[in-house]
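To keep things clear, I will list the structure first and then write my remarks on it.
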Amino acid sequence: SDVCSSDLELLMLQVVSFISDQAFERESTFDFLLNGFNYEIKNVNDDPSTFTNVLVIYSSTRQMVSEDVKNFVSSLSCPYALFHMSNEWMWAYYPRVANFPESEIDSAIETHYGNPNHIFRNYWHPVFDCDKVTQLPIFWLNGFLNNKNIVNYNKIYKTTFIGDSSKNDRKDVISIMKSMGDCFVHETSGWMSEDCISVDKQVEVYSQSVICPCPMGGCHPEVFRMCEILESNSIPVIMQYHDFEYHNRIYGYDSPIPKIKSWDDLPKVYKQIVKSGVYETTERIQNWYQNWKVKTKLNFQSTLLSLKEFN
């Protein structure tokens, strides 16, 4: 069901953020997911007795909750939810724990997170597939949120890749792109390195591209690049790593994002989209994506509102 604006106004949410004002996740969290919520930013050093409905936001690639977060929540006498961002680490174990016993899920969650009333986290993983955990997409880096939903009809590139090319199979992807011709490739020396091009330039190039492959990062197949491409009104293409559950469980089994089992099929995807109509295909995927964003945001807000401890 939809979240009514009156419901959002009734819940005074207190947000304690352990991410900086410059954190790359800030836009998707505060300008998107929390947009419309009646919340106040609280300081970690505030009197613990003044907290009532708390959402603790932190970013960590560590296996366990960081000590500063753990120390803060241990001081709370009220219910709280955790929002754990950017934990790509767990995916390294995905093939081994795909059939993780349900009887051990609760203990695994407690080992990782203690005992919050609810947990939001990025990077889908089967260990955390339960009612107490809402698994969210990683969305995009700051600057990509396209509130105006502008469509660029001037497509001048068949494919585009921007980023660190040293990870996993990315060199192979670039080689296939170059064999197709009319591609834009900007290889960087690392994650958010100084030789990255500006977000505005990335949006411009993505919007001028028919398709953009999304090879996996260091540990997890889900990458910021996918939503960044969608925010730029282009078409991402994903490949099967282990399986497609990492995508299906977040974006839905009805996701129209082109999926392939080998990057060798990238030219075939391009030809199919050209045959079906580039603008028609882009528009169809954009309609799905905008609806998916609304549903994802409403699910996040509804989950907060439905927690009895928060009411």
Side-chain angles (χ1 to χ4, degrees), residues 24 88 91-92 94-95 123 137-141 144 152 154-248 250-251 255-279 281-282 285 289:
F24 57 80
E88 192 177 7
W91 186 261
Y94 176 82
Y123 293 107
I138 58 177
F139 296 111
W140 51 81
L141 299 186
F144 279 94
N152 188 340
N154 182 28
K155 304 291 185 181
I156 61 178
Y157 303 113
K158 292 180 180 179
T159 62
T160 283
F161 176 84
I162 303 168
D164 181 358
S165 60
S166 66
K167 297 177 180 178
N168 291 294
D169 55 359
R170 293 182 175 183
K171 290 286 188 185
D172 296 333
V173 177
I174 291 172
S175 177
I176 292 169
M177 290 171 55
K178 289 182 176 179
S179 72
M180 294 169 61
D182 295 330
C183 65
F184 181 97
V185 176
H186 180 82
E187 300 179 58
T188 66
S189 57
W191 165 249
M192 299 184 72
S193 55
E194 291 184 358
D195 52 358
C196 290
I197 58 179
S198 70
V199 169
D200 288 345
K201 180 62 177 179
Q202 291 180 61
V203 170
E204 177 187 353
V205 173
Y206 284 145
S207 71
Q208 294 172 336
S209 308
V210 176
I211 58 174
C212 304
C214 296
M216 70 178 289
C219 302
H220 197 289
E222 188 185 6
V223 288
F224 292 101
R225 184 175 290 100
M226 197 189 89
C227 278
E228 292 170 356
I229 292 164
L230 288 166
E231 288 294 319
S232 306
N233 287 284
S234 188
I235 301 173
V237 179
I238 63 173
M239 196 193 80
Q240 177 175 320
Y241 294 100
H242 310 302
D243 56 34
F244 281 116
E245 286 301 279
Y246 73 92
H247 179 87
N248 295 336
I250 294 294
Y251 295 94
S255 162
I257 302 300
K259 306 177 183 71
I260 54 181
K261 292 187 176 181
S262 168
W263 290 119
D264 291 332
D265 293 330
L266 194 65
K268 186 186 301 183
V269 172
Y270 171 78
K271 291 177 182 177
Q272 289 173 341
I273 290 174
V274 170
K275 183 177 180 179
S276 300
V278 174
Y279 307 121
T281 305
T282 303
I285 291 176
Y289 177 59

At what distance, to the nearest 0.5 angstrom, does [atom1] of [X] lie from [atom2] of [Y]?
| X | Y | atom1 | atom2 | value |
| --- | --- | --- | --- | --- |
| K201 | F184 | NZ | CZ | 5.5 Å |
| Y289 | N233 | OH | CG | 9.5 Å |
| Y206 | C212 | OH | SG | 6.5 Å |
| D164 | S189 | CG | OG | 7.5 Å |
| W263 | I174 | CH2 | CD1 | 11.5 Å |
| D265 | M239 | CG | CE | 10.0 Å |

Please report the closest heavy-atom contact between [X] and [Y], naming both atoms and the distance.
| X | Y | result |
| --- | --- | --- |
| G190 | C196 | O-SG, 4.4 Å |
| I250 | P137 | CG2-CB, 3.6 Å |
| V223 | P215 | CG1-O, 3.6 Å |
| I260 | S262 | CD1-O, 3.2 Å |
| N248 | K259 | OD1-CE, 3.7 Å |

Under 3.5 Å, is there a donor-acceptor pair between the side chain of [X] and the main chain of [Y]?
| X | Y | value |
| --- | --- | --- |
| N168 | G217 | yes |
| E222 | I138 | yes |
| T188 | S193 | no |
| R225 | I162 | yes |
| K155 | S207 | yes |
| Q208 | Y157 | no |
| S255 | I257 | yes |
| H247 | Q240 | no |

I want to check something: taking the side chain as every heavy atom from C-beta on, are [X] and [Y] in contact at a cut-off of under 4.5 Å?
| X | Y | value |
| --- | --- | --- |
| T160 | I229 | no |
| I285 | L230 | yes |
| V203 | E231 | no |
| Y251 | M226 | yes |
| F161 | C183 | no |
| L266 | P213 | yes |

task = Any salt bridge (Lys or Arg N to Asp or Glu O under 4.0 Å) involving residues 167-183? Give me the pairs, sequence neighbours left out, ordered by first then second residue.
result = K171-E187
task = Could you walk me through whether I238 and F244 pass side-chain contact (heavy atoms from CB on, under 4.5 Å), step by step?
result = CA-CA 9 Å; I238 63 173; F244 281 116; 4.1 Å; yes
message = Any donor-acceptor pair under 3.5 Å linking the side-chain atoms of D200 with those of S198?
response =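 Absent: no donor and acceptor within the cut-off.
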task = State which residue, out of W140, F144, W191, F139, fulfils the ring-ring contact (aromatic ring centres under 6.0 Å, His included) condition with F24.
result =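 That would be W191; it is the only one of W140, F144, W191, F139 passing the ring-ring contact (aromatic ring centres under 6.0 Å, His included) with F24.
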request  = Examine Y241 together with Y246 and report whether their ring centres are nearer than 6.0 Å.
outcome  = no
